[in-house]
Amino acid sequence: GAASEGYPIANLKDLPAGDYYVQAVMNVYTEFKRADGHTIWAHMDQWEGQRWAYAPDNLISTATPTRVHLDPARGFDVKIELTSKIPPIDYPPDTKWVKHVKMQSPMLTKFWGHPIYVGAIVLLPKGYDEKPTQYYPTVYQQSHFGLEPAFGFHTEMTNGDRTQMERRKNAKTAYEKATINAGGEKETGYEFYQAWNSDNFPRMIAVTLQHPTPYFDDSYAVNSANSGPYGDAILQELIPELEKRFRMIPKGYARTLTGGSTGGWESIALQLYHPDFFGGTWTLYPDPIDFRKYQLSNIYEDDNAFLVPNGGFHKPERPMQQNSDGQMVATMRQISMMEHASGTRGRSAAQIDVWSATYGPVGADGYPRQLWDMKTGKIDREVALYMRDNGYDLRAYAEKNWPTIGKSLVGKIHIYTGDMDNFYLAYAVYHMQDFLESTKDPYYGGEVVFGRPMKGHGWQPWSNAQLIRIMADHIAKNAPPEDNKNWRPTTD
């Protein structure tokens with residue numbers, strides 16, 4: 001209705017008269033009676049990754065949008081009926097290479113008072129079936145929810161593959177060639193399959209973990225006051241189950257981590273929180289890992305997330321996203337407005353809301369207490385300090401705990417990000433680098449690398465196949481004598 005909040009126009013009464021295409025979708029909420037005593041309503045993920053426009057059983061008006069004429073002067077009384085439900089997800093079948101696992105988590109089910117599931121997509125190495133006594137190292141790739149295997153693996157060339165390969169082949173300018181040679185473009189999924197299937201490639205198991213929550217497509221792989229014990233469920237339920245079903249070497253030296261963006265934050269968080277359980281992380285363009293640069297906000301000192309501090313009379317808006325050439329794409333106010341219109345009380349299933357749900361405390365009403373007011377941008381300092389004091393500011397956590405965890409992290413931390421990250425994530429990485437380079441007794445012994453020039457979100461300095469080889473070298477160097485390294489072909 002006209003009173004509803006919206007985006008990019010805050011209210012329908014401000015909509016210019018004209019013809020519009022409309023479609024109604026109702027995001028169906030489930031009642032959760034949680035173990036912490038709160039009862040809330042939120043969307044129960046149907047293994048679609050909290051994409052409400054595609055979620056099975058959500059109500060929808062028509063399969064295609066309907067054309068209507070809207071005029072503020074005449075009101076907006078347009079009849080739209082919710083006539084059908086979105087159908088179930090079409091899950092891909094298991095293959096020789098790819099296996100899908102989905103299991104109910106007892107820990108999470110107890111917390112939410114409702115069946116909650118976690119899962120994984122397991123990519124097996126060449127020769128897995130033919131060598132029933134061979135065990136393999138595992139790389140855990142953290143990512144947003146999806147139904148495809150790690151590193152884009154697929155055994156057939158798609159049109160997208162052909163386009164990307166042709167683009168590289170036809171690169172004409174020195175700048176394009178330099179970008180490709182510097183790792184600006186990963187190999188296609190088919191090219192990764194070719195490497196994975198080659199005779200001299202390391203034999204490892206690649207796993208993509210799946211853990212959507214009622215707030216987001218991903219739990220950030222940590223325990224959370226709002227989302228529950230996802231970290232415990234992953235390490236104490238899911239990974240042991242995977243190591244039981246598949247021939248994974250169940251030792252810390254043989255478990256490696258990688259991931260980008262949200263997955264980047266998760267990969268370094270898991271390594272820091274569990275320094276002996278994992279043998280190394282190759283973290284890519286992570287979400288903010290130092291909350292003095294929560295994108296561009298210092299949440300411990302700034303009063304408002306929407307305005308540049310000390311901006312004077314002009315009060316410039318704080319950016320949230322940029323192009324790799326520095327042009328602003330969206331402001332923090334705009335994105336907050338969009339999320340608030342998509343779901344109140346932190347239920348938009350979008351980026352800013354999930355950070356509050358993951359890192360922040362539970363509000364008096366049982367919903368996440370937000371770091372800032374989504375309408376005004378006013379930062380809640382108590383929430384900011386809660387995030388830091390509970391270990392979600394990863395640089396602060398590492399610095400505070402280095403005397404205890406440092407000895408188990410030597411040589412295990414590797415971070416890579418484009419210097420012109422589209423979401424201003426590089427600045428927090430600079431802070432982390434400053435701390436890591438200052439470490440003594442022990443020195444961290446890893447690396448932090450920034451891609452230049454104008455490398456944005458998604459940059460990495462090597463192909464995925466090259467990353468597997470780097471990890472294999474690291475694992476072999478740290479493997480105990482009883483590891484016969486038969487998973488590493490002698491011709492490699």
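Residue indices begin at 1 and follow the sequence shown. As a basis for the values below, the full set of heavy atoms in this structure was taken, side chains included, without hydrogen atoms, waters or symmetry mates.
- Contact between Arg245 and Val101 at its shortest, heavy atoms only, is NH1-CG1, 3.7 Å.
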### Task
Determine, stepwise, if the pair Thr208 / Ser143 fulfils side chain to side chain donor-acceptor pair (under 3.5 Å).
CA-CA 7 Å; Thr208 302; Ser143 185; over 6 Å; no

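- Atom CG of residue Leu257 and atom OG1 of residue Thr281 lie 5.0 Å apart, to the nearest 0.5 angstrom.
- Ring orientation note: the planes of His414 and His474 are nearly perpendicular, at an angle over 60° on the 30°/60° scale.
- Between the side chain of Trp282 and the main chain of Ile468, no donor-acceptor pair closer than 3.5 Å is present.
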### Task
Give the C-alpha distance, both sets of side-chain angles, the deciding distance and a yes or no for ring-ring contact (aromatic ring centres under 6.0 Å, His included) between Tyr430 and Phe450.
CA-CA 9 Å; Tyr430 276 115; Phe450 295 88; 3.9 Å; yes

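- Within 6.0 Å of the CZ atom in Phe111, the count of heavy atoms belonging to other residues, nucleotides or ligands exceeds 12.
- Ionic pairing of Arg369 and Asp380 is present here: one or more N-O contacts between side-chain nitrogen and carboxylate oxygen are shorter than 4.0 angstrom.
- Look at Lys375 and Glu5 and you find a salt bridge, because one of the NZ, NE, NH1 or NH2 atoms lies within 4.0 Å of a carboxylate O, short of that distance.
- Note: Trp265 and Tyr220 have perpendicular aromatic rings, judged against thresholds of 30 and 60 degrees for the angle between ring planes.
- For the ring-ring contact (aromatic ring centres under 6.0 Å, His included) with Tyr359, the lone residue among Tyr386, Tyr215, Phe291 that qualifies is Phe291.
- Taking a 6.0 Å sphere around OH of Tyr54, one finds it holds 12 or fewer heavy atoms contributed by other residues, nucleotides or ligands.
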### Task
Step by step, work out the ring-ring contact (aromatic ring centres under 6.0 Å, His included) result for Tyr416 and Trp462.
CA-CA 10 Å; Tyr416 311 88; Trp462 13 247; 5.0 Å; yes

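- Geometrically, Arg292 does not engage Tyr300 in a cation-pi contact, judged by NZ or CZ lying under 6.0 Å from the ring centre and within 45° of the ring axis.
- When the side chain to side chain contact (heavy atoms under 4.5 Å, CB included) test is applied to Ala42, the partners found at least two apart in sequence or on another chain are Phe32, Ile40, Pro214, Arg347.
- Remark: Lys102 NZ is packed, more than 12 non-hydrogen atoms of other residues, nucleotides or ligands lying under 6.0 Å away.
- Annotation: Met328, atom CE; neighbour count of heavy atoms from other residues, nucleotides and ligands within 6.0 Å is above 12.
- More than 12 heavy atoms of other residues, nucleotides or ligands lie within 6.0 Å of CD in Glu437, so this atom counts as buried by the packing criterion.
- Between Tyr397 and the options Tyr273, Tyr392, Trp402, a ring-ring contact (aromatic ring centres under 6.0 Å, His included) holds for only Tyr273.
- For the atom pair CG (Asn323) and NE2 (His457), the distance works out to 14.0 Å, reported to the nearest 0.5 Å.
- Here Asp302 pairs with Arg318 in a salt bridge; the nearest charged N to carboxylate O distance falls below 4.0 Å.
- Taking CD from Gln322 and CD from Gln327, the interatomic distance works out to 9.5 Å, rounded to the nearest 0.5 Å.
- A cation-pi arrangement, defined by a distance under 6.0 Å to the six-membered ring centre and an angle within 45 degrees of its axis, is absent between Arg203 and Trp487.
- Salt bridge annotation for Glu301-Arg381: absent, with no cationic side-chain nitrogen under 4.0 angstrom from a carboxylate oxygen.
- Using a 30° and 60° split on the angle between ring planes, Phe278 and His274 fall in the perpendicular class, above 60°.
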